[in-house]
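Heavy-atom basis, side chains included; hydrogens, waters and symmetry copies ignored. Since the structure is predicted, the reported quantities are computational estimates derived from the model, not experimental observations. Naming: A, B, ... by sequence-line order, numbering from 1 per chain.
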Protein chains: 2
Amino acid sequence: MATMHDVANLAGVSLSTVSYALTGVRPVSEKTRARIQAAMDQLGYQRNAIARSLASRRTHILAMLFPAIERGLSGTALEFVTSAAETARERGYHLVLWPVNDQEGHETRELLQQGLADGALVMEVRLDDPRVALLHEVGTPFTLIGRTEDPDTLHYADIDFETTVRDALDHLTALGHRDIALLSHSRASLDAGYGPTVRVGAAFERYMTERGLSVVVRHCDESADAGRIATAGLAASHPRVTALMTMNDAATFGAMAELLERGKRIPDDMSVLSIVSSPRVGALSHPRLTTMSAPGTELGRLGVTSLIAQIEGTGATALHTLIPCRLDVQSTTGPARLPMNHTP
Amino acid sequence: MATMHDVANLAGVSLSTVSYALTGVRPVSEKTRARIQAAMDQLGYQRNAIARSLASRRTHILAMLFPAIERGLSGTALEFVTSAAETARERGYHLVLWPVNDQEGHETRELLQQGLADGALVMEVRLDDPRVALLHEVGTPFTLIGRTEDPDTLHYADIDFETTVRDALDHLTALGHRDIALLSHSRASLDAGYGPTVRVGAAFERYMTERGLSVVVRHCDESADAGRIATAGLAASHPRVTALMTMNDAATFGAMAELLERGKRIPDDMSVLSIVSSPRVGALSHPRLTTMSAPGTELGRLGVTSLIAQIEGTGATALHTLIPCRLDVQSTTGPARLPMNHTP
DNA sequence: ACGGTTAGTCGAAACGCTTCGACACCATGT
DNA sequence: ACATGGTGTCGAAGCGTTTCGACTAACCGT
């Protein structure tokens, strides 16, 4: 591999001039610039990324922190990851995956202190996420994909769960539904303070109450079986429910299977609206699921962009962006079945 | 951040001794090793990864090459990616994502020649994949996840499609099925020489012919709708078919929906076996899909392990591993409906 | 008592770049 | 004619490691 030294020699200029020609930090005359370019072409020169990093104290590497164990990443996460990696590359950065699950943060700290990454993208954020303190302490710029409880001083991009839930309920109530149940993530995720579970639960409660409707929530694990069981329980305890709002892909499929098996027609007897999902997942079911699709691609792009802005010290304004899911109406939501007597 | 220099001063030894204590390349007495350790603890010292890379000409970074555009990564791919990233970390390596889609390979070459990565993991391999030549030329060690047409001289881990198809057919024929159709990936992927499509097609043809059965293959895009259309066509042209072997998750769901809509019972009237899939995906349907699940985790682990072995020059034997998918019998495969007259 | 190892340590030279200070040069405006 | 200021270039000092050659002291067999 040719080095900058070789290029300088061949072009008959000093090493630093080549560097300036490349970085543009200081002006270089058109003439010498051309000679340098010719030399680089001839040698097939590429700047050594590592040496560059060492000298400039910028690695152009972004780390993506995700707790790997917790049920692996979902389908949305994949979209997010590829979008983040792509955006990074477009901007001349690299995205490295750090699937770390140490509660104490020892491993994460070591990784950060090795100085490999210029910044971090934090996934699967909890309301009281300990990684925030860690990152502050180490001094690594970071952007959350998600939010802590009080994220005003932080940079984050997250799903606007409040709006998503409201839009979802608008859709359902416009169809005449009044008895709506929420099928959410596991209770464990709620207890752990996992953002989506907590926020959707709160928003659901709030908007249902505002509309004078009663709040029915079921938590269940990420499996079709758990979804079936939860749905069966719901049918027994709340037979009046005409619409299911779900945030749990696997459970949603289980729920639909259970409903069909019980002879319920979808959407005639029961509407199903899956939020924080994606049309791609929705297309897998029959009838095709009405979904509110998560903005994974946008979040990936935004997160990386904001992180780079922090690192480079440009774009002084902090990222505080919430993006709601988009409603994609398909075949599992329809008018509520004729109203029965509404006395309790 | 403390440097090795600081540690050396505090411990009262030379810089190189600290380095030797850390790398173990040369012996260091127990006494000074202890002093160095104490100094490091006191300073909270962490070796700078970049300086290390520059001096040792080893970045401990592995690049994962995947063509981003092509329908994004599938669910199996996610498993693979996280497994690869985890394995890398366990071994002290980092996995960086390079979603590159340039046919000419200019971008890939530039990336490689920057010297950031010690090696590459190549995904979505085609039978005549041009990246192989590129990697050879650049001199970067690499391992394929997949195989080219003639991969004997290369390192690879791939799904054993031949065995997978054979096992799948064993399962189906044991249930009495003789009229079996294959619903595969898109024709475009076949034309592009995408490994799975080509190999599964060939194996299907071979094993069906061996058993004296007629070969029916349908290619369709990665969508439920395409799956429905293909299934409708199949019903018209080959009404005798009693079993569908599919390799296309989205299309499989579409196919099942279409079958149900036509009043077919699954598996009574039609068995469905989804290969190169996963139980997690299978659990989404009702009835629950019988699948042959792809060994994503194993492939990730193997690929990274082999790549590291190449880089470090250990483990002289090349990786030539094929892993078949595992059969997970659920509810969409069952005995063939009573045999009709088998004359053509 | 003597060359030959070996364990343990040091200083200095890379690794391939960025960046700083200095300097020469030429065009200004006065 | 002269300071002023921008352009364009150079040499050298880092960046924080690894690694090489060299040296010392202790230990071995004879």
Side-chain angles (χ1 to χ4, degrees), chain A residues 1-37 39-40 43-61 92 110 112-118 311-313, chain B residues 1-37 39-40 43-61 92 110 112-118 311-313:
Chain A
M1 274 290 75
T3 72
M4 219 156 104
H5 188 87
D6 302 332
V7 174
N9 280 352
L10 185 56
V13 299
S14 86
L15 202 158
S16 50
T17 302
V18 177
S19 178
Y20 290 130
L22 245 25
T23 61
V25 170
R26 287 192 188 176
V28 169
S29 75
E30 204 42 62
K31 230 177 55 187
T32 66
R33 179 185 307 280
R35 282 224 309 290
I36 290 172
Q37 185 60 53
M40 293 199 305
L43 295 171
Y45 173 75
Q46 288 285 348
R47 248 190 314 196
N48 180 304
I50 297 293
R52 204 144 94 87
S53 301
L54 182 58
S56 66
R57 257 138 298 185
R58 278 278 144 84
T59 65
H60 290 250
I61 292 177
E110 279 171 26
L112 289 168
Q113 290 186 333
Q114 314 225 86
L116 217 223
D118 284 344
I311 292 168
E312 299 185 344
Chain B
M1 275 286 75
T3 72
M4 221 154 98
H5 188 86
D6 302 332
V7 174
N9 281 353
L10 185 57
V13 297
S14 86
L15 204 158
S16 50
T17 302
V18 177
S19 178
Y20 290 130
L22 245 26
T23 62
V25 170
R26 287 191 189 179
V28 170
S29 76
E30 204 40 63
K31 231 176 57 188
T32 63
R33 180 187 306 281
R35 284 224 309 289
I36 290 171
Q37 186 59 54
M40 293 198 307
L43 296 170
Y45 172 75
Q46 288 284 350
R47 252 188 312 191
N48 181 302
I50 296 295
R52 204 143 95 86
S53 301
L54 181 58
S56 66
R57 254 136 299 185
R58 276 278 143 83
T59 64
H60 289 251
I61 292 176
E110 280 172 23
L112 289 168
Q113 290 186 333
Q114 314 224 89
L116 217 225
D118 284 344
I311 292 168
E312 299 184 345

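Although no hydrogens or angles enter the test, the distance criterion places no donor-acceptor pair under 3.5 Å between the side chain of B:Asn9 and the main chain of B:Asp6.
The stretch residues 51-60 of chain A touches DNA chain C through A:Ala51, A:Arg52, A:Ala55, A:Ser56, each having a heavy atom within less than 4.0 Å of the strand. A heavy atom lying under 4.0 Å from DNA chain C marks none of the residues of residues 1-9 of chain B.
Not counting sequence neighbours, B:Thr23 has no partner by the side-chain hydrogen bond (donor to acceptor under 3.5 Å, both in side chains) test. Annotation: side-chain hydrogen bond (donor to acceptor under 3.5 Å, both in side chains) contacts of B:Thr32 (sequence neighbours excluded): B:Ser29. The side-chain hydrogen bond (donor to acceptor under 3.5 Å, both in side chains) search around A:Glu312 returns A:Tyr93, not counting sequence neighbours. By the side chain to side chain contact (heavy atoms under 4.5 Å, CB included) test, B:Ile36 pairs with B:Val7, B:Ala11, B:Val13, B:Thr17, B:Val18, B:Ala21, B:Met40, sequence neighbours left out. When the side-chain hydrogen bond (donor to acceptor under 3.5 Å, both in side chains) test is applied to A:Gln37, the partners found at least two apart in sequence or on another chain are A:Asp41.
Within the helix from C:dA1-D:dT30 to C:dT30-D:dA1, the inter-axis angle between the opening and closing five-pair segments is 30°, rounded to 10°.
Atom OH of B:Tyr45 is separated from atom C1' of D:dG16 by 7 Å (rounded to the nearest Å). A straight line from CZ of B:Arg47 to C1' of D:dC15 spans 17 Å, rounded to a whole angstrom. In this entry the distance linking CD of A:Gln114 with P of D:dT17 reads 11 Å, nearest Å.
Here the CG atom belonging to B:Leu43 is positioned 9.0 Å from the OG1 atom belonging to B:Thr3, to the nearest 0.5 angstrom. The distance from atom NE2 of B:His5 to atom CG of B:Leu10, rounded to the nearest 0.5 Å, is 11.5 Å.
Reading DNA chain C from its 5' end, the first and the last nucleotide to sit under 4.0 Å from a heavy atom of chain B are C:dA7 to C:dG16.
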Quiz item: In B/S/- notation, 5' to 3', how is nucleotides 6-11 of chain D contacted by protein heavy atoms closer than 4.0 Å?
Solution: -SSBBB

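Residues B:Gly12 and B:Arg35 share a closest heavy-atom pair of O-NH2, 3.9 Å. Of all the heavy atoms in A:Glu110 and A:Gln114, the pair that sits closest is O-CG, 2.8 Å. Between A:Gln113 and B:Gly44, the shortest heavy-atom distance links the atoms OE1-O, 4.3 Å.
Counting only residues at least two apart or in different chains, side chain to side chain donor-acceptor pair (under 3.5 Å) contacts with residues 44-59 of chain B comprise B:Thr59-B:Asp118.
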Quiz item: How far apart are the C-alpha atoms of A:Glu30 and A:Arg33, what are their side-chain angles, what is the distance that settles it, and do they pass the side-chain contact (heavy atoms from CB on, under 4.5 Å) test?
Solution: CA-CA 5 Å; A:Glu30 204 42 62; A:Arg33 179 185 307 280; 3.8 Å; yes

